[in-house]
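Below is one structure; the comments refer to it alone.
Treat the numbers as computed from the prediction; the structure is a model and nothing was measured.
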Amino acid sequence: MDEQINNRLNEVFQEVFDDEDLFIDDDTNADSIDDWDSMEHINLVVAVEEEFGLTFSMDEIAEMQNVGDMVEIIKERATNLD
């Protein structure tokens, strides 16, 4: 996983899930985090969109199976990776 994207995503995850000890990797998914329910998923998507200056399509959201999938979309479409 791209280190810069990973670090920024990890901060977003820590904030959304209110857990500064949380660390993600490409395989992290909803089953990996106890509090990752449908409401937190919406909060997470919005927070990631804001952090990276993009809007995920409904198809992209539905196809994301893990953090690695999210990273690939961010790498392709983010407007503010600096």
### Glu60 (side chain) donor-acceptor with Ser57 (main chain) under 3.5 angstrom
yes

#### Entry: Minimum side-chain heavy-atom gap Gln65-Asn29 below 4.5 Å
no

### Query
Do side-chain atoms of Asn10 reach the backbone of Ile24 as a donor and acceptor pair under 3.5 angstrom?
yes

### Task
Can you establish whether the number of heavy atoms outside Glu49 located under 6.0 Å from its atom CD is more than 12?
yes

### Validation row: Ile33, Phe13 side chains within 4.5 angstrom (heavy atoms)
yes

### Summary
Minimal heavy-atom distance between Val12 and Ala47, with the atoms involved, is CG1-CB, 3.6 Å

### Task
Measure up the Trp36 and His41 rings against each other and bin them: parallel (under 30°), tilted (30 to 60°), perpendicular (over 60°).
parallel

#### Entry: side-chain contact (heavy atoms from CB on, under 4.5 Å) between Val71 and Asn6, worked out
CA-CA 8 Å; Val71 168; Asn6 181 36; over 6 Å; no

### Query
Distance-only, no hydrogens or angles: does the Arg8 side chain make a donor-acceptor pair with backbone N or O of Glu3 under 3.5 Å?
no

## Note on the structure
When rounded to the nearest 0.5 Å, the distance separating CD of Glu76 from CG of Leu54 is 11.0 Å

### Task
Quick one: pull up CD1 in Ile73 and CE in Met64 and give me the separation to the nearest 0.5 Å.
4.0 Å

### Query
Can any side-chain N or O of Gln14 pair as donor or acceptor with the backbone N or O of Leu22 at less than 3.5 Å?
yes

### Side-chain donor/acceptor of Asp59 to backbone N/O of Ala62, under 3.5 Å
no

